[in-house]
Amino acid sequence: MSKLSVKEARKKYLASLTPEKREELERKKLEAEAESRKRWKEIFEQNKELFQWFDDGMKANAHHEKAIKVLLESLRTAANHQDMTPEIKEVVDALIIVIEDRKLFEYDLEAVLFPLIEIVEKDTQSKSGSHAVTIRHEKTKKEREAKISQLREIWASGKYSTRDLCAEEEYQALGFPSFGSARKALRNTPPPKS
């Protein structure tokens, strides 16, 4: 079985249709195209000011856009040079991305570096946030271990006859959230020395 191209398959399909069906398909196609043109015209009318702003910006900054294009072409040429090392190519690729992602119609150094600064700020916030979480968890872990240690010392002192009684009497004073958590802390502890 030979493969048909899309064009050949469409031609074959249309040939298999009755003339009325072909006319109906052609009419629907023309209606869809007219509807599409109408919709684009509506979009343009609704966003006329935006399109005008963009068009004016492109015209006013044509010399900058041309300079950016020259710079990007030069960087791409340099990145593909035979003497380019992988490490420096990575730097060039990063520069290309930073230049392409600059603020629209802004061409100074700050506008070009803005996306990079945003990334660094987000990364810094993320790192400081995760550091704070780590500190909090370490603090609560130390506090929890101290409570367990105190409870086990009280149990080992022989003050109470059963682990349940020890946990029941001491859990609130030591700051355990419940009797169950205090009792759990006393699991597998040796009996007190008499």
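In this chain, residues are counted from 1 in sequence order. For the numbers below, each heavy atom of this structure counts, side chains included, while hydrogens, waters and symmetry mates do not.
The two residues P192 and A156 make their nearest non-hydrogen contact at CB-O, 3.6 Å. Closest approach of Y160 to E169, counting heavy atoms only: OH-CB, 3.5 Å. Contact between L17 and R22 at its shortest, heavy atoms only, is O-NH1, 2.7 Å. Across all non-hydrogen atoms, the minimal contact from A185 to I148 is CB-CG1, 3.9 Å.
Note that the CD atom of Q150 and the CZ atom of F176 stand 8.5 Å from one another [nearest 0.5 Å]. One distance of note links NE2 of H63 with CD1 of I68; it measures 11.0 Å at 0.5 Å rounding. Separating the OG1 atom in T162 from the CG atom in L165 is a distance of 4.5 Å, to the nearest 0.5 Å. A distance of 8.5 Å separates CG of L71 from CG of L95, quoted to the nearest 0.5 Å. Interatomic distance, CG of L151 versus SG of C166, reported as 4.5 Å (0.5 Å rounding). One distance of note links OH of Y171 with NZ of K147; it measures 13.0 Å at 0.5 Å rounding.
Both I88 and I99 are part of a single hydrophobic cluster, where members link through side-chain heavy atoms under 4.5 Å apart.
When atom types are taken as modelled, the side chain of S149 and the backbone of A146 share no donor-acceptor pair closer than 3.5 angstrom. Within the 3.5 Å criterion, the main-chain N or O of N80 finds no donor-acceptor partner in the side chain of K89. A distance-only check finds a donor-acceptor pair linking the side chain of W155 to the backbone of P190 [under 3.5 Å].
In this view, E49 satisfies the side chain to side chain contact (heavy atoms under 4.5 Å, CB included) rule with no residue, not counting sequence neighbours. Under the side chain to side chain contact (heavy atoms under 4.5 Å, CB included) criterion, T77 pairs with no residue at all, not counting sequence neighbours. Here S16 pairs with Y13 under the side chain to side chain contact (heavy atoms under 4.5 Å, CB included) rule; sequence neighbours left out.
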Exercise for the section: Would you please test L75 and D93 for side-chain contact (heavy atoms from CB on, under 4.5 Å) and show each step? Expected result: CA-CA 8 Å; L75 286 170; D93 290 341; over 6 Å; no

Practice task
Could you go through the side-chain contact (heavy atoms from CB on, under 4.5 Å) check for E65 and Y107 one step at a time?
Solution key: CA-CA 9 Å; E65 289 298 323; Y107 303 94; 2.4 Å; yes

Practice task
Apply side-chain contact (heavy atoms from CB on, under 4.5 Å) to the pair E100 and I96, showing each step before the final yes or no.
Solution key: CA-CA 6 Å; E100 288 176 337; I96 290 170; 3.8 Å; yes

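Note on residues 149-164: pairs passing salt bridge (Lys or Arg N to Asp or Glu O under 4.0 Å), not counting sequence neighbours, are K159-E170, D164-R183.
Residues E42 and K48 are not paired through a salt bridge, judged by the lack of any N-O separation under 4.0 Å between the basic side chain and the carboxylate.
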Can you list, pair by pair, the side-chain donor-acceptor contacts under 3.5 Å of residues 53-62, counting residues two or more places apart and other chains?
residue, atom, partner, partner atom, Å
D55, OD2, K59, NZ, 3.0
D56, OD1, Q52, NE2, 2.8
N61, ND2, G57, O, 2.9

Show me the donor-acceptor pairs within less than 3.5 Å that the side chains of residues 25-35 make with the rest of the protein, sequence neighbours left out.
residue, atom, partner, partner atom, Å
R27, NH1, E31, OE2, 3.0
K28, NZ, E24, OE2, 3.2

